[in-house]
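Working notes, beginning with the structure itself.
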2 protein chains.
Amino acid sequence: MSSYKDKKVISIGTVHELTGLSERKIRYYEERGLLFPERTKRGTRKYSFSDVELLMKIADKREEGVQTKEIKEEVRNENKKQMRNDMLRGQINAHFNMRK
Amino acid sequence: MSSYKDKKVISIGTVHELTGLSERKIRYYEERGLLFPERTKRGTRKYSFSDVELLMKIADKREEGVQTKEIKEEVRNENKKQMRNDMLRGQINAHFNMRK
DNA sequence: CGTGTAAGGAATTCTGACACG
DNA sequence: CGTGTAAGGAATTCTGACACG
């Protein structure tokens with residue numbers, strides 16, 4: 001269901017190219033808790049395609065003048081919804097003993 | 001049909017971590033024409049998840065003792081098959097005027 | 001609050017070459 | 001042929017800070 005899209009493998013320079021956002025902005029949104037890239041052993045940030053998509057949404061919100069704090073809440077709510085769906089799906093699958 | 005899987009965004013260090021192959025090997029297989037990463041403006045190589053999968057297949061073949069030249073042919077043949085399928089699908093879709 | 005920038009260091013990547021075989 | 005390694009340079013990324021507002 002996820003795999004490639006959620007695998008954190010993209011470095012910040014490439015994320016910059018993909019989104020058009022400055023590295024400063026990208027790091028700042030992380031600092032504000034809007035997204036959570038992984039770190040390699042040497043400490044460089046790695047992003048997923050999902051992160052890239054999220055950053056583009058964030059950019060849209062920012063253009064509308066929405067503050068990072070509010071965006072953070074929206075993101076959190078979307079994740080909650082998503083998790084509810086995932087759990088529901090999990091229960092359904094368990095109930096019918098469905099596979100893959 | 002492709003999108004994320006074929007997007008070239010992964011740098012060689014990360015490919016090394018994902019595949020376990022040395023950077024030397026990864027560059028060498030490119031030199032032999034087994035795969036074709038893209039280059040950023042500054043010249044660093046960027047790989048896709050498809051490239052990563054291909055590299056793991058290559059590693060298997062190499063362990064079996066298959067030479068790069070032969071692997072290159074096998075890869076080429078698989079791509080041909082794939083293209084035939086894609087074209088066939090394209091014609092079918094065109095015939096029925098299907099979308100997406 | 002959100003973002004730009006200069007600063008210095010550490011880690012990454014690149015190429016061409018020598019080595020062994 | 002396939003792969004390791006040392007070499008030097010160029011580009012990347014990181015953090016903490018100052019700036020403006």
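Letters A, B, ... are given to chains in the order of the sequence lines, protein chains preceding strands, and every chain is numbered from 1.
With the nearest nucleotide of DNA chain C identified for both A:K69 and A:K46, A:K69 has the one nearer the 5' end. With DNA chain C read from its 5' end, the first of the two nearest nucleotides for A:T44 and A:V66 is the one closest to A:V66. Comparing A:I12 and B:R42 by the nucleotide of DNA chain D that holds the closest heavy atom to each, the one mapping nearer the 5' end is B:R42.
Of all nucleotides listed (D:dT3, C:dC14, C:dT3), C:dT3 comes nearest to the side chain of A:R62. The side chain of B:R27 lies closest to C:dC14, out of C:dC14, C:dT3, D:dT3. Nearest to the side chain of A:E23, among D:dT13, C:dT12, D:dT3, sits D:dT13. Checking C:dG2, C:dC14, D:dG2 against every side-chain atom of B:R32, the shortest atom distance belongs to D:dG2. Distances from the side chain of B:R24 to the nucleotides D:dT12, C:dG2, C:dA17 place C:dA17 closest. Of all nucleotides listed (C:dT15, C:dT13, D:dG4), C:dT13 comes nearest to the side chain of B:S11. Minimum atom distance to the side chain of A:K25 is reached by C:dT3, of the listed C:dC14, D:dC14, C:dT3. Between D:dT15, C:dC14, D:dG2, one nucleotide has an atom nearer to the side chain of B:Y28 than all others, and that is D:dG2.
Distance CD (B:E63) to P (D:dG2): 15 Å, rounded to an integer number of Å. Spacing between atom CD of A:E64 and atom C1' of C:dG2 amounts to 17 Å, rounded to whole angstrom units. One can place CD1 of B:I58 at 15 Å from C1' of D:dT3, the figure rounded to the nearest angstrom. As a whole-Å value, the separation of A:R45 CZ from C:dA10 C1' is 14 Å. Rounded to whole angstrom, the span from the CD atom of B:E31 across to the P atom of D:dT3 amounts to 11 Å. In this entry the distance linking CD1 of B:I26 with C1' of D:dG2 reads 14 Å, nearest Å. Note: NE2 (A:H16) to C1' (D:dC14) measures 17 Å, nearest angstrom. One can place NZ of A:K41 at 16 Å from P of D:dC14, the figure rounded to the nearest angstrom.
Interatomic distance, CG of B:D6 versus OG of B:S50, reported as 3.5 Å (0.5 Å rounding).
Applying the 6.0 Å contact sphere to NZ of B:K46 captures more than 12 heavy atoms from other residues, nucleotides or ligands.
Under the Watson-Crick or G-U wobble criterion, with both distances below 3.5 Å, D:dT15 is paired with C:dA7. For D:dG2, the paired nucleotide is C:dC20, the pair qualifying as Watson-Crick or G-U wobble because both relevant distances are below 3.5 Å.
Remark: B:K69 does not engage B:E74 in a salt bridge, criterion side-chain N to carboxylate O under 4.0 Å. Note on A:E23 versus A:R45: no salt bridge recorded, every NZ/NE/NH1/NH2 to OD/OE distance being 4.0 Å or above.
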Step-by-step side-chain hydrogen bond (donor to acceptor under 3.5 Å, both in side chains) determination, B:Q82 to B:D86: CA-CA 6 Å; B:Q82 191 55 51; B:D86 291 349; 3.2 Å; yes
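Checking each of B:E30, B:E31, B:R32 against B:Y28 for a side chain to side chain donor-acceptor pair (under 3.5 Å) leaves exactly one that passes, namely B:R32.
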